[in-house]
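For reference, the structure is listed below as structure tokens.
Positions are given from 1, in the same order as the sequence printed here.
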Amino acid sequence: MENLDSLRFPVGKHELPAVITPEMIQTWIDYLVAFPTLFKEAVEALSEEKLDAPYRPEGWSRRQVVHHVVDSHMNAYIRTKLALTEDFPTIKPYAEAEWAKLPDSALSVDVSLQLLTGLHLRWVTILKQITNWDQGYIHPQYQQRTRLDAMLSLYYWHSRHHLGHINLP
């Protein structure tokens with residue numbers, strides 16, 4: 001079971017820090033700046049066979065992971081904009097496992113790698129200008145307020161988490 005957990009969570013599970021400092025926020029944003037290039041380099045090193053193989057038993061293929069990362073980060077980008085323009089809006093969750101089964105998850109990874117680059121440019125442009133990290137949204141699944149700094153922590157982890165999946169042997 002421990003080996004399966006290391007495949008499922010190659011960088012460990014997300015843990016929200018008790019205190020989030022400006023230095024942490026800067027580190028997380030810097031990682032989101034670098035992530036599209038890091039991700040692209042890792043993905044482009046894979047053969048088509050490796051892309052279509054699951055990274056763990058009963059897991060997604062690496063191709064599905066690539067498309068999932070873009071789906072997830074698009075949602076995070078929209079949630080960021082909602083949080084900055086509304087007072088703690090309730091966001092719309094999505095069925096990520098079902099999205100991974102849709103036909104666009106079989107497309108060339110190039111489609112999502114290109115999208116990720118532009119998406120992160122737009123998202124990071126907004127993140128760099130945030131001065132009030134207390135803003136946020138309500139996720140209906142958890143029925144609690146999620147602050148933008150907590151969301152940033154999650155997506156810093158999410159990026160590393162799925163890069164870990166791509167890099168698994």
Side-chain angles (χ1 to χ4, degrees), residues 1-43 54-62 64-84 86-100 112 116 119-120 122-169:
M1 187 60 145
E2 186 175 329
N3 190 25
L4 186 56
D5 272 354
S6 68
L7 294 176
R8 192 169 183 195
F9 299 104
V11 298
K13 294 182 180 181
H14 177 253
E15 292 183 25
L16 183 64
V19 175
I20 297 176
T21 67
E23 294 77 21
M24 293 168 134
I25 288 171
Q26 187 60 54
T27 296
W28 299 338
I29 291 173
D30 289 346
Y31 190 82
L32 291 181
V33 169
F35 178 68
T37 300
L38 297 171
F39 199 60
K40 181 179 182 183
E41 288 171 355
V43 170
Y55 65 88
R56 66 176 169 86
E58 299 181 29
W60 287 342
S61 71
R62 287 171 176 84
Q64 286 173 300
V65 168
V66 171
H67 296 305
H68 160 74
V69 165
V70 175
D71 289 343
S72 177
H73 291 206
M74 279 192 293
N75 273 280
Y77 167 69
I78 296 297
R79 291 169 182 179
T80 301
K81 291 183 90 165
L82 288 169
L84 292 171
E86 300 177 27
D87 184 24
F88 276 90
T90 298
I91 55 96
K92 173 92 171 84
Y94 70 104
E96 63 183 39
E98 295 305 311
W99 282 34
S112 282
L116 187 68
L119 174 63
H120 270 238
R122 291 188 67 183
W123 190 22
V124 165
T125 297
I126 292 170
L127 292 172
K128 286 180 176 180
Q129 300 302 314
I130 295 175
T131 57
N132 179 7
W133 290 92
D134 294 337
Q135 299 169 97
Y137 55 82
I138 298 168
H139 194 298
Q141 181 179 348
Y142 308 111
Q143 287 300 310
Q144 65 184 25
R145 291 176 172 226
T146 299
R147 292 170 29 134
L148 285 173
D149 55 2
M151 183 208 68
L152 182 58
S153 168
L154 177 63
Y155 281 90
Y156 166 69
W157 170 85
H158 188 261
S159 299
R160 293 171 32 256
H161 170 70
H162 286 305
L163 181 58
H165 289 145
I166 297 299
N167 287 328
L168 285 170

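Nearest heavy atoms, Val70 versus Ser112: CG2-O, 3.3 Å. Minimum interatomic distance between Ser159 and Leu32 (heavy atoms only, all atoms of both residues): OG-CD2, 3.5 Å. His139 and Pro93 get closest at one heavy-atom pair: CE1-CB, 3.7 Å.
Gln143 places a side-chain N or O within donor-acceptor distance of the main-chain N or O of Pro140, the cut-off being under 3.5 Å. Under the 3.5 Å distance criterion, the side-chain polar atoms of Trp157 are matched with a main-chain donor or acceptor of Gly12. Side-chain atoms of Gln64 come within 3.5 Å of backbone atoms of Ser61 as a donor-acceptor pair (strictly under, hydrogens ignored).
Inspection of the Tyr31 and Arg160 side chains reveals no N or O donor paired with an N or O acceptor under 3.5 Å.
Only one option out of Val69, Val124, Asp30 pairs with Phe35 in a side chain to side chain contact (heavy atoms under 4.5 Å, CB included); it is Val69. No option in Arg79, His73, Lys81 other than Lys81 meets the side chain to side chain donor-acceptor pair (under 3.5 Å) test with Tyr77.
Atom-to-atom distance recorded for Leu168:CG and Ser6:OG is 8.0 Å, nearest 0.5 angstrom.
Note: His14 and His161 fail the aromatic proximity criterion, with ring centroids not under 6.0 Å apart.
A heavy-atom distance below 4.5 Å is found between the side chains of Tyr137 and Ile91. For the pair Ile20/Trp133, no side-chain contact is recorded, criterion being any heavy-atom separation below 4.5 Å from C-beta on.
Heavy-atom neighbours of Arg56 CZ from other residues, nucleotides or ligands within 6.0 Å: above the threshold of 12.
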